[in-house]
**Student:** 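My questions all concern the structure below.
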Amino acid sequence: MNYTYLDSLATYGVGGAHPGGLQLTEQLLAREKMNRKTAILDVGCGTGQTSAYIFKQYKCNVTALDNNKVMIDKAKQRFRSSHLPINVVEGRTENLPFRNETFDIILSESVTAFTNIPVSLSEYKRVLKPNGVLLAIEMTAEPLPFTKKEKQFICDFYGVSQILTEKDWRNYFRKSGFRHVTVEKHMHHSVPQDVMYANDFMLSNQIQEEHYEILEQHQQIVSKYKDKLYFRVFRCTG
Ligand SMILES: C[S@@+](CC[C@H](N)C(=O)[O-])C[C@H]1O[C@@H](n2cnc3c(N)ncnc32)[C@H](O)[C@@H]1O
């Protein structure tokens with residue numbers, strides 16, 4: 001395989017490439033205190049679907065960050081064409097180019113699992129205001145055991161070093177200084193929207209066949225491991 005799962009998402013320009021899609025994002029944000037002064041960082045923004053929604057809905061101060069040039073270009077294109085004044089930054093979650101205590105909310109929608117998790121989390125903590133909120137939608141392994149081979153296959157496919165359980169995530173959040181963590185459990189197969197059901201694509205000019213195969217394989221993994229691979233929404237403060 002020459003390309004990664006993330007390359008394929010970027011090439012297809014999949015908007016809402018997280019479990020639950022924009023529908024879940026809307027629900028999560030509706031529970032937060034949002035006003036025009038709210039400063040929100042969409043880490044791993046992809047093509048910017050969520051950031052665009054946030055600005056249109058709340059008219060607040062939105063920053064969209066990603067480390068993938070293709071994603072960043074597509075996000076910029078989206079914001080430009082809709083005249084949305086969103087600050088777009090090419091950067092890594094492990095080294096956020098922002099001052100301490102800049103944001104009220106950080107949104108990580110299927111992003112942090114792909115990064116160096118403890119480093120990213122301590123960066124989130126650093127750039128969040130003291131009363132800030134981290135909302136993270138992340139893949140989790142269930143207590144139902146994966147065989148060593150299954151685990152390796154999934155890690156290799158997604159390019160992640162591990163698949164964390166809810167408990168592992170909680171430990172990481174706590175170690176990064178988030179004292180209060182609430183969790184919602186979701187099952188992949190119970191949500192209507194995932195990559196293959198997305199309806200927002202910003203296609204690159206050239207799309208190699210392999211990208212389609214990779215996205216199809218993702219869907220097969222989600223359905224094959226539906227009893228072992230769920231996702232959680234973590235709300236972290238403090
Ligand atoms: C599964 S996609 C989700 C994109 C977007 N949040 C969404 O829901 O549509 C993961 C995104 O995280 C970005 N990403 C992965 N590792 C990153 C890192 N270390 N720093 C910044 N962005 C990263 C990828 O480029 C990709 O856009």
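Order of listing sets the numbers, starting from 1, for every ligand and every atom in it. Remember, predicted model here, so these are calculated numbers, not experimental data.
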**Student:** Tabulate below the donor-acceptor pairs under 3.5 Å that side-chain atoms of residues 100-114 make, not counting sequence neighbours, or state none.
**Tutor:**
{"from": "Asn100", "atom 1": "OD1", "to": "Arg126", "atom 2": "NH1", "distance (Å)": "2.8"}
{"from": "Thr102", "atom 1": "OG1", "to": "Arg99", "atom 2": "O", "distance (Å)": "2.4"}
{"from": "Asp104", "atom 1": "OD1", "to": "Lys129", "atom 2": "NZ", "distance (Å)": "3.2"}
{"from": "Asp104", "atom 1": "OD2", "to": "Ala39", "atom 2": "N", "distance (Å)": "2.7"}
{"from": "Asp104", "atom 1": "OD2", "to": "Lys129", "atom 2": "NZ", "distance (Å)": "3.4"}
{"from": "Ser108", "atom 1": "OG", "to": "Thr112", "atom 2": "N", "distance (Å)": "3.4"}
{"from": "Ser108", "atom 1": "OG", "to": "Thr112", "atom 2": "OG1", "distance (Å)": "2.6"}
{"from": "Ser108", "atom 1": "OG", "to": "Glu138", "atom 2": "OE2", "distance (Å)": "2.9"}
{"from": "Glu109", "atom 1": "OE1", "to": "Thr50", "atom 2": "OG1", "distance (Å)": "2.6"}
{"from": "Glu109", "atom 1": "OE2", "to": "His18", "atom 2": "NE2", "distance (Å)": "3.4"}
{"from": "Glu109", "atom 1": "OE2", "to": "Thr25", "atom 2": "OG1", "distance (Å)": "2.5"}
{"from": "Thr112", "atom 1": "OG1", "to": "Tyr124", "atom 2": "OH", "distance (Å)": "2.9"}
{"from": "Thr112", "atom 1": "OG1", "to": "Glu138", "atom 2": "OE2", "distance (Å)": "3.3"}

**Student:** Any side-chain donor paired with an acceptor under 3.5 Å for His186 and Glu184?
**Tutor:** yes
**Student:** Using salt bridge (Lys or Arg N to Asp or Glu O under 4.0 Å) as the criterion, list what pairs up with Glu32, not counting sequence neighbours.
**Tutor:** Arg235
**Student:** Give a table of atom pairs where an N or O of ligand 1 lies under 3.5 Å from a protein N or O.
**Tutor:**
{"from": "ligand 1", "atom 1": "6 (N)", "to": "Gly44", "atom 2": "O", "distance (Å)": "2.7"}
{"from": "ligand 1", "atom 1": "6 (N)", "to": "Glu109", "atom 2": "O", "distance (Å)": "3.0"}
{"from": "ligand 1", "atom 1": "8 (O)", "to": "Ala17", "atom 2": "N", "distance (Å)": "3.4"}
{"from": "ligand 1", "atom 1": "8 (O)", "to": "His18", "atom 2": "ND1", "distance (Å)": "2.5"}
{"from": "ligand 1", "atom 1": "9 (O)", "to": "Gly16", "atom 2": "N", "distance (Å)": "3.3"}
{"from": "ligand 1", "atom 1": "9 (O)", "to": "Ala17", "atom 2": "N", "distance (Å)": "2.7"}
{"from": "ligand 1", "atom 1": "19 (N)", "to": "Thr93", "atom 2": "OG1", "distance (Å)": "3.4"}
{"from": "ligand 1", "atom 1": "19 (N)", "to": "Glu94", "atom 2": "OE1", "distance (Å)": "2.9"}
{"from": "ligand 1", "atom 1": "19 (N)", "to": "Glu94", "atom 2": "OE2", "distance (Å)": "3.4"}
{"from": "ligand 1", "atom 1": "20 (N)", "to": "Thr93", "atom 2": "N", "distance (Å)": "3.0"}
{"from": "ligand 1", "atom 1": "22 (N)", "to": "Asn67", "atom 2": "N", "distance (Å)": "3.4"}
{"from": "ligand 1", "atom 1": "22 (N)", "to": "Asn67", "atom 2": "OD1", "distance (Å)": "3.4"}
{"from": "ligand 1", "atom 1": "25 (O)", "to": "Asp66", "atom 2": "OD1", "distance (Å)": "2.6"}
{"from": "ligand 1", "atom 1": "25 (O)", "to": "Asn67", "atom 2": "OD1", "distance (Å)": "3.4"}
{"from": "ligand 1", "atom 1": "27 (O)", "to": "Asp66", "atom 2": "OD1", "distance (Å)": "3.4"}
{"from": "ligand 1", "atom 1": "27 (O)", "to": "Asp66", "atom 2": "OD2", "distance (Å)": "2.6"}

**Student:** Residues two or more places apart in sequence or in another chain: which of them pass ring pair (Phe, Tyr, Trp, His ring centres under 6.0 Å) with Tyr225?
**Tutor:** Phe146
**Student:** Kindly work out whether a path of hydrophobic side-chain contacts (I/L/V/M/F/W/Y, heavy atoms less than 4.5 Å apart) joins Ile117 to Leu6.
**Tutor:** no
**Student:** When you check the side-chain N and O atoms of Lys185 and Thr140, is any donor under 3.5 Å from an acceptor?
**Tutor:**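 Checked: Lys185/Thr140 side chains show no N/O donor-acceptor pair below 3.5 Å.
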